[in-house]
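The structure appears below as structure tokens.
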Amino acid sequence: MTKYTLFLFGALAMADTAPIVDESLRMGALQAIFPGMRISLNAGKHIDDSWPEITHPRSLNAPDAMAEENVYRVIGSPANEAERQASSQIVTGKPSTTRLVRFRLLPWLDRATFIAVLQYNFEDAIPPMACPSIGLLVQLANIAGNWEVKDRYLLETTHHFSLQTVRLTSLGSGADELVVESDFGGAETWGTNLMVFRPGPKIEQVFETTSQIVYKTEEMFIQTLDLPRTIDLDGQQVCFTKTAMFENGQPLNPLVVSHICYKLDGEIDRQAAQERNKLLAPQ
């Protein structure tokens with residue numbers, strides 16, 4: 001009986017909080033995030049930027065966390081510098097005004113507070129790689145049916161195309177936390193950062209580490225979140241299983257697998273995040 005109780009507790013602790021699927025709530029959230037814009041559901045459309053199609057032990061893996069989400073057309077002029085860049089058309093010079101938005105809406109902090117995780121690009125745009133698409137977190141309040149944006153957080157924009165992980169789950173600290181994995185690249189590099197955000201009056205990032213990286217043929221590894229180990233440490237450290245394929249330009253055969261835990265806050269570049277989020281200032 002005791003073993004069963006412990007197993008059940010552990011299973012519940014590792015269960016993700018389900019996203020909100022009520023379409024009226026989702027549309028209300030979008031209207032608050034994109035005020036004054038025309039918003040419509042693109043019925044039957046899905047976007048899947050996953051790669052590769054077939055995974056291999058020696059390859060990186062970039063699943064699209066939003067592949068099954070609905071796509072919304074949001075039409076309106078760019079609202080900030082991030083959108084100005086992402087909507088630009090370097091061939092014709094005519095910027096796009098149509099966003100193709102996918103998102104998850106999740107309960108956050110209490111019954112009146114929500115977190116929206118958005119991934120979107122602009123239709124027919126050919127933007128610079130400094131901001132080809134936008135990954136965005138938005139904290140909202142819904143008071144008696146009235147939606148209000150409380151905070152926004154812009155994810156890394158350089159060579160950013162998709163989100164690999166979006167989940168609201170307990171890491172052992174006592175409250176659900178948002179885990180987001182987002183890609184980046186440039187200078188013969190592709191990678192993903194795994195970040196953890198904690199509920200509060202504002203969006204608070206408490207953890208970040210590189211979860212996948214490939215740099216030329218010099219370095220290549222994957223770090224997979226070890227949730228049970230993280231929960232065992234009460235969320236004071238975030239633990240991973242690391243699989244290295246290349247190191248110092250040499251292929252590793254067999255692959256080198258290790259287990260590693262990182263302290264909170266250690267790799268967060270708060271100054272870079274602050275500068276990046278200035279791109280959200282209204283134009």
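The first residue in the sequence is number 1, and the count goes up from there.
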Ser211 and Thr192: side-chain hydrogen bond (donor to acceptor under 3.5 Å, both in side chains), yes or no, with the steps? CA-CA 6 Å; Ser211 48; Thr192 60; 2.6 Å; yes
I need the [X] [atom1] to [Y] [atom2] distance, nearest 0.5 Å.
| X | Y | atom1 | atom2 | result |
| --- | --- | --- | --- | --- |
| Gln139 | Asp151 | CD | CG | 6.0 Å |
| Phe221 | Leu252 | CZ | CG | 12.0 Å |
| Ile33 | Leu30 | CD1 | CG | 5.5 Å |
| Asn193 | Gln164 | CG | CD | 10.0 Å |
| Ile115 | Leu140 | CD1 | CG | 7.5 Å |
| Ile39 | Tyr72 | CD1 | OH | 10.0 Å |

Please say which of Leu118, Leu154, Leu279, Leu155 ends up in a side chain to side chain contact (heavy atoms under 4.5 Å, CB included) with Ile134.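 Checked Leu118, Leu154, Leu279, Leu155 against Ile134; only one passes side chain to side chain contact (heavy atoms under 4.5 Å, CB included): Leu154.
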Name the residue from Pro127, Cys131, Pro132 that meets the side chain to side chain contact (heavy atoms under 4.5 Å, CB included) definition with Gln85. Cys131
Under the rule for salt bridge (Lys or Arg N to Asp or Glu O under 4.0 Å), what residues qualify as partners of Arg84, not counting sequence neighbours?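 Checked Arg84 against salt bridge (Lys or Arg N to Asp or Glu O under 4.0 Å); matches are Glu81.
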Partner residues of Glu23 under the salt bridge (Lys or Arg N to Asp or Glu O under 4.0 Å) criterion, sequence neighbours left out: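 Scan of Glu23 (salt bridge (Lys or Arg N to Asp or Glu O under 4.0 Å), adjacent residues dropped) gives Arg26.
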Tell me every residue that passes side-chain contact (heavy atoms from CB on, under 4.5 Å) with Val214, counting only those two or more places apart in sequence or in another chain.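 So Val214 forms a side-chain contact (heavy atoms from CB on, under 4.5 Å) with Leu60, Trp190, Met220.
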Should [X] and [Y] be counted in the same cluster of Ile, Leu, Val, Met, Phe, Trp and Tyr side chains packed under 4.5 Å apart?
| X | Y | value |
| --- | --- | --- |
| Val138 | Leu280 | yes |
| Met245 | Trp51 | yes |
| Leu136 | Met66 | no |
| Val179 | Leu137 | no |
| Val149 | Val101 | yes |

Would the distance check show the side chain of [X] and the main-chain N or O of [Y] forming a donor-acceptor pair, the cut-off being under 3.5 Å?
| X | Y | value |
| --- | --- | --- |
| Asn121 | Ser133 | no |
| Arg102 | Ile47 | yes |
| Ser162 | Asp64 | no |
| Asp22 | Leu25 | yes |
| Asp234 | Gln236 | no |
| Asp183 | Phe161 | yes |
| Thr189 | Ala187 | yes |

I need the full list of salt bridge (charged side-chain N to carboxylate O under 4.0 Å, His left out) pairs touching residues 251-265, with sequence neighbours left out, sorted by first then second residue. Asp265-Arg270
Verify whether one side chain among [X] and [Y] offers a donor that lies under 3.5 Å from an acceptor in the other.
| X | Y | result |
| --- | --- | --- |
| Tyr153 | Glu204 | no |
| Glu156 | Thr158 | yes |
| Ser87 | Ser96 | no |
| Asp176 | Ser170 | no |
| Glu247 | Gln250 | no |
| Glu267 | Thr209 | yes |

Above 12 or not: heavy atoms from other molecules or residues under 6.0 Å from CD of Gln283?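 Above 12, so yes.
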Would you say that [X] contacts [Y] through its side chain, given a criterion of any heavy-atom pair below 4.5 Å between the two side chains?
| X | Y | result |
| --- | --- | --- |
| Met37 | Ile75 | no |
| Leu227 | Arg167 | yes |
| Asn70 | His46 | yes |

[X] with [Y]: basic N within carboxylate O range, under 4.0 Å:
| X | Y | answer |
| --- | --- | --- |
| Lys150 | Glu148 | yes |
| Glu123 | Arg99 | no |
| Arg198 | Glu177 | yes |
| Asp124 | Lys94 | no |

Please evaluate residues Leu168 and Asp16 with respect to the criterion side-chain contact (heavy atoms from CB on, under 4.5 Å), reporting the C-alpha separation (whole Å), side-chain torsions for both, the decisive distance (0.1 Å), and the verdict. CA-CA 6 Å; Leu168 187 63; Asp16 290 1; over 6 Å; no
Could you pull out the closest heavy-atom pair between [X] and [Y], with the gap in Å?
| X | Y | value |
| --- | --- | --- |
| Leu105 | Ala116 | CD1-CB, 4.1 Å |
| Leu106 | Pro19 | CD2-CA, 3.5 Å |
| Ile143 | Ala112 | CD1-CB, 3.9 Å |
| Pro199 | Leu109 | CB-CD1, 3.8 Å |

Test of understanding: with ring-ring contact (aromatic ring centres under 6.0 Å, His included), list the residues that count as partners of Phe114, not counting sequence neighbours. Trp147
Verify side-chain contact (heavy atoms from CB on, under 4.5 Å) between Gln237 and Phe207, making sure each step is shown before the conclusion. CA-CA 9 Å; Gln237 297 184 56; Phe207 179 78; over 6 Å; no
With side-chain contact (heavy atoms from CB on, under 4.5 Å) as the test, would you mind laying out the steps for His160 and Gln119 before giving the verdict? CA-CA 10 Å; His160 169 75; Gln119 173 62 41; 2.7 Å; yes
side-chain contact (heavy atoms from CB on, under 4.5 Å) between Val180 and Thr165, worked out: CA-CA 5 Å; Val180 175; Thr165 300; over 6 Å; no
All pairs passing side-chain hydrogen bond (donor to acceptor under 3.5 Å, both in side chains) where residues 213-233 contributes a residue, at least two apart: Gln223-Tyr262
